[in-house]
Amino acid sequence: MIAAEKYTNETITWSRAWTPNLFSFRLTRSPSFRFTAGQFARLGVRREDSNALDGSGWRIVWRAYSIVSATYHDHLEFCSVLVPEGEFTSELERLTTGDTVYVEKNSYGFLTTERFAPGRDLWMLATGTGLAPFVSILWERDHWRTYENLVVVHSVREGAELAYRDTIASFSSAPEFVSLGAKLRYLPIVTREPYSETLHERIPTLLRKGTLETAADLNLDVARSRLMLCGNPSMIKETRELLAGQGFATPKRLAPGTLAVENYW
Ligand code: NAP
């Protein structure tokens with residue numbers, strides 16, 4: 001149970017279904033809500049509960065969601081799968097524009113570039129809805145100034161799940177971003193259906209074979225590459241082990257790192 005003074009009541013202003021099981025939505029944003037690109041918010045929805053301890057007949061169910069939108073947008077955007085019989089997403093699915101979602105006042109998470117040693121290439125490797133924080137990171141102009149190359153790798157089962165494909169493409173043609181210096185490379189992966197113009201194998205396999213480096217036309221190198229991983233926990237485990245073997249490491253208390261990870265469920 002989270003005390004009422006720790007969250008704000010926000011309103012759904014927009015939603016978009018990418019597939020029957022994958023959707024994005026926007027909420028109003030309290031002017032006092034602050035976050036760093038790559039962080040997540042905790043969202044709450046009301047759910048009927050005849051056993052609620054306070055006798056109200058309902059309680060709030062909370063889940064963590066990475067923020068897709070920019071730190072300077074006046075809304076908060078999120079992307080979600082519909083978890084079969086999921087306590088949270090089955091309620092969320094019922095809600096529509098104008099309905100209330102609770103947002104905890106604090107933001108959370110360490111999938112941010114702040115704790116990296118300076119580098120030249122920022123690699124963002126995602127599966128499924130793990131792409132969300134990387135869209136927020138792309139919106140941040142500082143990243144376009146700081147890095148020479150921004151690489152987004154997005155692995156999904158089916159092509160229709162390549163959410164934000166057009167948004168990512170539009171960054172590359174937006175003078176307000178590309179004029180800042182960085183070059184964006186977007187490498188979509190579709191693993192479970194034939195799909196043209198994408199890679200087809202899982203991220204660790206592509207890393208092992210060197211295919212991602214070839215596709216990005218960049219070498220992975222501790223001196224210049226900074227890597228972020230977000231999504232399926234088993235992808236993260238395998239990829240992290242692989243990268244550790246090449247010398248990449250998460251930040252330690254005093255030492256900035258070259259790798260940052262966020263398990264998505
Ligand atoms: P997913 O199974 O994570 O697949 C997305 C991509 O990740 C696919 O390309 C898949 O490749 C790849 N992948 C899966 N395991 C991997 C591994 N060990 N190493 C490397 N790549 C791997 O699918 P999803 O559609 O995003 O989500 C699947 C389920 O996870 C959903 O049914 C949902 O319930 C749950 N989920 C829960 C949450 C949550 O917050 N609770 C969030 C997201 C997803 P393959 O096609 O080869 O498997």
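Atom set for the values below is all heavy atoms of this structure, side chains included, hydrogens, waters and symmetry mates excluded. Please read all numbers here as calculations on a predicted model, not as lab measurements. Here, residue 1 is the first one in the sequence, and each next residue gets the next number.
Taking all atoms of both residues into account, the shortest heavy-atom contact from K105 to T8 is CE-CG2, 3.8 Å. Contact between S107 and F33 at its shortest, heavy atoms only, is CB-CZ, 3.9 Å. Here the closest non-hydrogen pair linking R46 and E91 is O-OE1, 3.4 Å.
Ionic pairing of E104 and K6 is not present here: no N-O contact between side-chain nitrogen and carboxylate oxygen is shorter than 4.0 angstrom. For the pair R208 and E201, the salt-bridge criterion is not met [side-chain N within less than 4.0 Å of a carboxylate O]. Under 4.0 Å is where a charged nitrogen must lie from a carboxylate oxygen, and between R192 and E158 no such pair does.
In this structure, Y147 and H143 have tilted ring planes: the angle between them lies in the 30° to 60° band. Between W144 and F177, the ring planes lie tilted relative to each other; the angle falls in the 30° to 60° range. Using a 30° and 60° split on the angle between ring planes, Y164 and W18 fall in the tilted class, from 30° to 60°.
For CZ of F110, the number of neighbouring non-hydrogen atoms (other residues, nucleotides, ligands) closer than 6.0 Å is 12 at most. Counting non-hydrogen atoms of other residues, nucleotides and ligands closer than 6.0 Å to CZ of R165 gives a total above 12. Counting heavy-atom neighbours within 6.0 Å of E197 CD, excluding the residue itself, gives a total of 12 or less.
For the side-chain contact (heavy atoms from CB on, under 4.5 Å) test, residues two or more places apart in sequence or in another chain that qualify with T36 are Q39, T112, E114. Remark: A17 engages no residue in a side-chain contact (heavy atoms from CB on, under 4.5 Å) (not counting sequence neighbours).
Separation of atoms CH2 (W123) and CG (L212) is listed at 6.0 Å; rounding is to 0.5 Å.
For the pair R141 and Y72, the cation sits on the ring face: its NZ or CZ lies under 6.0 Å from the ring centre, inside 45° of the axis.
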